[in-house]
Novice: 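Next up is a structure, given as structure tokens.
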2 protein chains.
Amino acid sequence: MTAIQGARERARREVTTAIMDEARRRLAVDGAAKLSLRAVARELGMVSSALYRYFPSRDDLLTALIVEAYDALGEAAEGALEAAPRSAPAERWVAVCAGVRAWALAHPHEFALIHGTPVPGYAAPPDTNAPGGRVPFALARVAREAVEDGLLGPVPGGPLPEPLAREAAALVAEHAPGVPAPAMAAVVASWAQLVGLVGFEVFGQFTGVIERSRAELFTHQARRLAEGAGLPPRQVPPH
Amino acid sequence: MTAIQGARERARREVTTAIMDEARRRLAVDGAAKLSLRAVARELGMVSSALYRYFPSRDDLLTALIVEAYDALGEAAEGALEAAPRSAPAERWVAVCAGVRAWALAHPHEFALIHGTPVPGYAAPPDTNAPGGRVPFALARVAREAVEDGLLGPVPGGPLPEPLAREAAALVAEHAPGVPAPAMAAVVASWAQLVGLVGFEVFGQFTGVIERSRAELFTHQARRLAEGAGLPPRQVPPH
DNA sequence: CAAAAGCAAGAGCACTGCTCTCCTTTTTGA
DNA sequence: TCAAAAAGGAGAGCAGTGCTCTTGCTTTTG
């Protein structure tokens with residue numbers, strides 16, 4: 001009525017976010033695989049066909065939710081990074097890992113959306129690449145800033161085999177200048193292993209194996225991943 | 001006609017395995033989420049309702065496929081274990097990891113079935129527990145036999161925090177007598193991290209990051225996981 | 001050899017993603 | 001100012017889904 005730039009555009013934004021809110025809610029009930037456009041529309045008091053004015057297909061709604069989830073997870077990781085003191089790289093690394101874990105446990109269905117089984121026939125569009133890179137970037141940033149501060153120690157595990165050294169060097173050049181290639185390889189692998197640890201918790205695969213000390217096991221392993229990237233523990237033990 | 005124990009029972013077995021074969025085939029096409037009983041029945045030249053004589057619901061068919069996949073993966077891991085010489089525990093460990101990876105890459109949809117997003121509203125029945133434990137058991141067996149042979153070195157990472165030490169000790173008592181608790185905790189965590197590494201490859205999350213040296217990265221990390229469990233590399237480097 | 005059990009077929013229910021046509025409301029441009 | 005254009009909503013319809021129920025036929029069993 002009074003708004004600049006048209007009431008219609010504003011209404012469109014509102015309906016769009018209402019759809020995504022409801023979709024996120026239904027995600028937690030039925031899961032991504034059974035996310036139903038009709039159910040979302042019904043809950044919103046609109047007819048299913050009207051929903052196609054906002055999202056051309058079910059997969060496009062999914063894509064929007066995926067991007068949103070990647071961004072939320074990335075924000076959790078980056079937030080944990082900012083909050084940790086730069087002088088203790090290993091603790092920063094563990095903080096990022098813990099941030100990822102906490103977000104995933106609080107949003108299991110959205111975590112499943114981005115790190116569970118990919119929907120067959122659904123190819124993640126390039127829009128998801130940048131937000132999907134935020135967590136590994138946060139890990140790489142810990143390594144990069146440790147290098148800048150002269151806090152990166154030797155990376156255990158010996159020299160990298162040839163093709164891996166080359167690819168790691170390419171990643172270093174593009175995303176984390178100054179970081180040694182073995183540390184970069186460790187960052188990438190740690191990312192996958194971190195998701196593995198978190199996924200086991202979120203998907204309940206530790207049931208009956210580890211029940212009461214999952215947080216401890218996780219932290220313990222996150223610390224070891226940090227070591228693997230050349231980030232020494234708080235005080236170097238005398239050997 | 002002539003068979004002992006009835007031709008009917010034999011026919012039932014044949015039809016059951018034909019259904020599972022076709023379902024596995026369709027799994028590779030449409031994925032677990034879109035596995036359709038009707039499509040399976042259609043391909044087999046039967047009507048959909050007839051299929052319910054063999055599997056009371058779609059989820060029961062899924063369960064049968066899950067158990068089968070767990071067993072196949074477990075067999076791959078155990079086969080790799082048997083083939084590796086007992087005198088080199090770290091190499092055995094890496095061999096088990098490589099066996100898991102190879103099977104997963106060869107059967108991505110069946111891997112997704114057991115280590116992807118759990119189907120909402122579907123609780124894995126207890127039948128899946130035993131086959132699901134075969135891979136971690138294989139890893140634990142490497143540690144256990146290394147202990148028996150006096151080949152298990154010190155486990156890095158310092159002492160376990162209290163609740164974790166207790167749970168790890170319980171696992172040791174039940175499944176791997178003689179293995180130190182820190183090594184057992186490392187085994188369990190390695191299992192999750194192994195699945196994380198493999199999952200990233202199978203689900204394509206390394207796309208655009210690591211392309212040509214995934215095997216090298218994987219082996220490198222599997223070796224580090226072995227170290228984390230107290231399995232020393234082939235020759236201890238002089239420090 | 002009749003009764004019982006097993007199995008296939010088909011119709012039907014309530015649901016899904018998606019398309020198309022109709023109609024109303026809002027925005028836009030001359 | 002007012003008609004043309006764009007946008008959105010409603011409903012019917014298509015082809016597909018999991019699953020149930022009834023109807024017959026065939027095999028097994030007592």
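For clarity, every value in this text was computed on a predicted model and none was experimentally measured. Proteins get letters first, then strands, A, B, ... in listed order; numbering begins at 1 in each.
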Novice: Specify the separation, in whole Å, of atom CZ of B:R42 and atom P of D:dA15.
Specialist: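 Checked: the CZ to P distance equals 13 Å.
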Novice: Can you run down the salt bridge (Lys or Arg N to Asp or Glu O under 4.0 Å) pairs that involve residues 61-74 of chain B, sequence neighbours left out, and say none if there aren't any?
Specialist: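 Listed once each, the pairs are B:R24-B:E68, B:D71-B:R134.
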Novice: State which residues pass ring-ring contact (aromatic ring centres under 6.0 Å, His included) with B:W191; sequence neighbours excluded, sorted by chain then number.
Specialist: A:F200
Novice: OP1 or OP2 of C:dC7 sitting under 4.0 Å from any side-chain N/O of B:R12?
Specialist: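 True: B:R12 side-chain N/O within range (under 4.0 Å) of C:dC7 OP1/OP2.
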Novice: Which residues pass the ring-ring contact (aromatic ring centres under 6.0 Å, His included) test with A:F218, not counting sequence neighbours?
Specialist: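 Counting only residues at least two positions away or on another chain, A:F218 forms no ring-ring contact (aromatic ring centres under 6.0 Å, His included).
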Novice: Can you list, by residue number, the residues of residues 44-55 of chain A that have a non-hydrogen atom closer than 4.0 angstrom to DNA chain C?
Specialist: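 Contacts with DNA chain C under 4.0 Å: A:S48, A:S49, A:Y52.
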Novice: Excluding sequence neighbours, so at least two apart, what forms ring-ring contact (aromatic ring centres under 6.0 Å, His included) with B:H175?
Specialist: B:F137
Novice: Among all residues two or more places apart in sequence or in another chain, which pass the side chain to side chain donor-acceptor pair (under 3.5 Å) test with A:E201?
Specialist: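 A:E201: side chain to side chain donor-acceptor pair (under 3.5 Å) contacts with A:R101.
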Novice: Tell me the closest heavy-atom pair linking B:S57 and B:Y52, and the distance in Å.
Specialist: CA-CE2, 4.2 Å
Novice: Which whole-number value in Å describes the distance from A:R58 CZ to D:dG16 P?
Specialist: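 Going from CZ in A:R58 over to P in D:dG16 covers 18 Å.
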Novice: Between C:dT16, C:dG17, D:dT17, which nucleotide has the shortest distance from any of its atoms to the side chain of A:L37?
Specialist: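 Of the options given, the side chain of A:L37 lies nearest C:dG17.
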Novice: Taking 4.0 Å as the cut-off, does a side-chain nitrogen or oxygen of B:R10 come that near to OP1 or OP2 on D:dT27?
Specialist: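 For D:dT27, neither OP1 nor OP2 has a side-chain N or O of B:R10 closer than 4.0 Å.
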Novice: By side chain to side chain donor-acceptor pair (under 3.5 Å), which residues pair with A:W103, not counting sequence neighbours?
Specialist: A:H107
Novice: Once you apply a heavy-atom cut-off of 4.0 Å, does B:L35 come out as touching a base, just sugar-phosphate, or nothing?
Specialist: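 Sugar-phosphate: the residue B:L35, judged by heavy atoms under 4.0 Å, touches backbone atoms but no base.
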Novice: Just so I know, are the side chains of B:L35 and B:V40 near enough to count as touching, which here means a heavy-atom distance under 4.5 Å?
Specialist: yes
Novice: Tell me, please, which residues at least two apart from B:A173 pass side chain to side chain contact (heavy atoms under 4.5 Å, CB included).
Specialist: none
Novice: Rounded to the Å, how far apart are B:E43 CD and D:dG16 P?
Specialist: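 These atoms are roughly 13 Å apart.
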Novice: Any donor-acceptor pair under 3.5 Å joining the side chain of B:R38 to the base of D:dG18?
Specialist: yes
Novice: For DNA chain D, what residues of residues 18-26 of chain B have any heavy atom nearer than 4.0 Å?
Specialist: none
